[in-house]
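Naming convention: chains lettered A, B, ... in sequence-line order (proteins, then strands); numbering from 1 in each chain.
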2 protein chains.
Amino acid sequence: MEYDQLKLENQLCFPVYAASRLIIREYQPFLDKLGITYPQYLVLMVLWETDEITVNEISGKLILNTNTVTPLLKRMEALGLIKRVRSNSDERKVLISLSDKGKKMREKAASIPLQLIEKINDESIDLNILMELKNTLNSLISLLDKPRKG
Amino acid sequence: MEYDQLKLENQLCFPVYAASRLIIREYQPFLDKLGITYPQYLVLMVLWETDEITVNEISGKLILNTNTVTPLLKRMEALGLIKRVRSNSDERKVLISLSDKGKKMREKAASIPLQLIEKINDESIDLNILMELKNTLNSLISLLDKPRKG
DNA sequence: AAAAAATATATCGCATGCGATATATTTTTT
DNA sequence: AAAAAATATATCGCATGCGATATATTTTTT
């Protein structure tokens, strides 16, 4: 029997998995300056776009389970980046909003995406190809994330 | 100032990160049957291709730090999937090789890649686009992994 | 209206994943 | 040859990430 399918180089998942970790490593020095982790940065990006949303909405946008997001948000609250308040209209919900510190961090973070692009683009890889990459991944994500939403 | 760069939808990293987790979730039911995790499956794939290699070589192929790989291998040894033996020629090295159980698992795993492809292809996304995706990610990986090697 | 189902968070346990650091061995430098 | 540097693993601590499960609240069913 042929086992070529089981070779690392023939896998689709491995490159996605490895690239994910490597790109996050590139973020590390910038995030270290802000004293936050990559998932915390993602939460902030969500809140900078839409402040005052529920735990569930955040976990939906980041495609993370609530049992990952709840402790993440608690750590962010402890860091003074966000506030967690039970909703009055629906006591099951917890509303997440930015603290002043969390709001101010937006300015410090503003330069990160461009610096990342420079870091990557600086060498060999065409930006258009990266845009295609993004599109394909987004198709894949909406395909695989369907079961959660449907 | 414009903050569009800080929107989730405009990021490259987030789709890679989310896709990685979602694809691994697709593997989960198949790996559960074998009683292994995704990183463990990766180690096995490396060993099925080249048995008897060092911890360092495995961590290099998987682009993981040794402080991730060492405990991973210890768990795999506890599961009876691999053997860990100090090298005689160089006492710093630890040689990792497959146990009978680890070797036999190859047959059970042989059908996984195809099943995954069917699961994804079954709907809407062209396989050629996925091959391009793989190529772009591999370029990105060799770019970002350079500092480790160079 | 009471019971059942659904929804929203949260807790627990375990496996990564990694920065910082330690230890043993080998190689290189002086 | 002794000292210094490099190499290969390993340990520690902390932050995810998730399956299983618990709890409180709201909505739906009967």
Side-chain angles (χ1 to χ4, degrees), chain A residues 14 17-29 31-33 35-43 53-60 62-79 81 84-96 145 147-149, chain B residues 14 17-29 31-33 35-43 53-60 62-79 81 84-96 145 147-149:
Chain A
F14 176 68
Y17 162 78
S20 171
R21 287 184 293 97
L22 288 172
I23 301 177
I24 291 173
R25 280 185 199 171
E26 296 297 316
Y27 274 92
Q28 211 57 60
L31 297 178
D32 282 350
K33 283 182 198 162
I36 57 177
T37 65
Y38 183 71
Q40 289 170 7
Y41 173 64
L42 291 179
V43 170
I53 59 177
T54 67
V55 173
N56 225 19
E57 285 167 325
I58 291 174
S59 81
L62 301 184
I63 319 181
L64 287 165
N65 297 325
T66 55
N67 56 358
T68 296
V69 174
T70 295
L72 177 59
L73 292 173
K74 282 188 164 183
R75 283 187 291 268
M76 292 181 75
E77 187 186 35
L79 288 170
L81 293 169
R84 295 163 66 245
V85 182
R86 282 264 160 202
S87 163
N88 281 331
S89 59
D90 185 340
E91 291 271 338
R92 291 172 304 180
K93 296 181 179 173
V94 171
L95 291 170
I96 307 298
D145 191 30
R148 286 171 52 91
K149 289 174 180 164
Chain B
F14 176 68
Y17 162 78
S20 171
R21 289 184 292 97
L22 287 172
I23 300 176
I24 291 173
R25 280 185 201 173
E26 297 297 317
Y27 274 92
Q28 211 56 61
L31 298 178
D32 282 350
K33 283 182 197 161
I36 58 177
T37 66
Y38 183 71
Q40 289 171 7
Y41 173 63
L42 291 179
V43 171
I53 59 178
T54 66
V55 173
N56 227 18
E57 285 166 323
I58 292 174
S59 81
L62 301 184
I63 320 180
L64 287 165
N65 297 325
T66 56
N67 56 358
T68 296
V69 174
T70 295
L72 177 59
L73 293 173
K74 284 190 164 183
R75 283 187 291 268
M76 291 180 75
E77 187 186 35
L79 289 170
L81 294 168
R84 295 163 65 245
V85 181
R86 281 262 160 207
S87 163
N88 282 330
S89 59
D90 186 339
E91 292 270 340
R92 292 171 303 179
K93 295 181 181 176
V94 171
L95 290 170
I96 306 299
D145 191 31
R148 286 172 52 92
K149 289 173 183 165

Let me know the distance between CD1 of B:I36 and P of C:dA15, rounded to the nearest Å.
14 Å
Quick one: salt bridge (Lys or Arg N to Asp or Glu O under 4.0 Å) partners of B:R84, sequence neighbours excluded?
B:E77
Across the strands shown, which category fits A:Q40 at heavy-atom distances under 4.0 angstrom: base, sugar-phosphate, nothing?
sugar-phosphate
Taking OH from A:Y38 and P from D:dT16, how many angstroms apart are they, rounded to a whole number?
13 Å
Rounded to whole Å, how long is the line connecting atom CG of A:L31 with atom C1' of C:dG19?
14 Å
Atom-to-atom span, CG of A:L64 to C1' of D:dC18 - whole angstrom
10 Å
Given the rule that a pair is Watson-Crick or G-U wobble with both distances under 3.5 Å, how would you write DNA chain D in dot-bracket, using | for pairs to a different strand?
||||||||||||||||||||||||||||||
Under the side-chain contact (heavy atoms from CB on, under 4.5 Å) test, which residues partner B:I36, sequence neighbours left out?
B:L31, B:L34, B:Q40, B:Y41, B:L44, B:L81, B:M105
What is the distance from CG of B:D145 to P of C:dC18, rounded to the nearest Å?
11 Å
Using side-chain hydrogen bond (donor to acceptor under 3.5 Å, both in side chains) as the criterion, list what pairs up with B:T54, not counting sequence neighbours.
B:E57
Along nucleotides 1-13 of chain D, 5' to 3', which nucleotides get a B, which get an S, and which get a -, given that the test is a protein heavy-atom distance under 4.0 Å?
------BSBSB--
Between D:dA15 (P) and A:D32 (CG): distance, integer Å
13 Å
In this structure, how many angstroms lie between the P atom of D:dA15 and the CD1 atom of A:I24, rounded?
16 Å
With sequence neighbours left out, what residues match A:I23 under side-chain contact (heavy atoms from CB on, under 4.5 Å)?
A:Y27, B:C13, B:V16, B:L140, B:L144
By salt bridge (Lys or Arg N to Asp or Glu O under 4.0 Å), A:R75 pairs with (sequence neighbours left out) none
Mapping B:R21 and A:E91 onto DNA chain D by nearest heavy atom, which one lands closer to the 5' end?
B:R21
Once ring pair (Phe, Tyr, Trp, His ring centres under 6.0 Å) is applied, do any residues pair with A:Y17, and if so which ones, sequence neighbours excluded?
B:Y38
Who passes side-chain hydrogen bond (donor to acceptor under 3.5 Å, both in side chains) against A:N88, sequence neighbours left out?
none
Within the side chain of B:R86, is there an N or O that forms a donor-acceptor pair under 3.5 Å with the backbone of B:L95?
no
Atom OH of A:Y17 to atom C1' of C:dA15: distance rounded to whole Å?
11 Å
Using only atom types and a distance under 3.5 Å, with no angle test, would you say the side chain of B:S59 pairs donor to acceptor with the backbone of B:N56?
yes
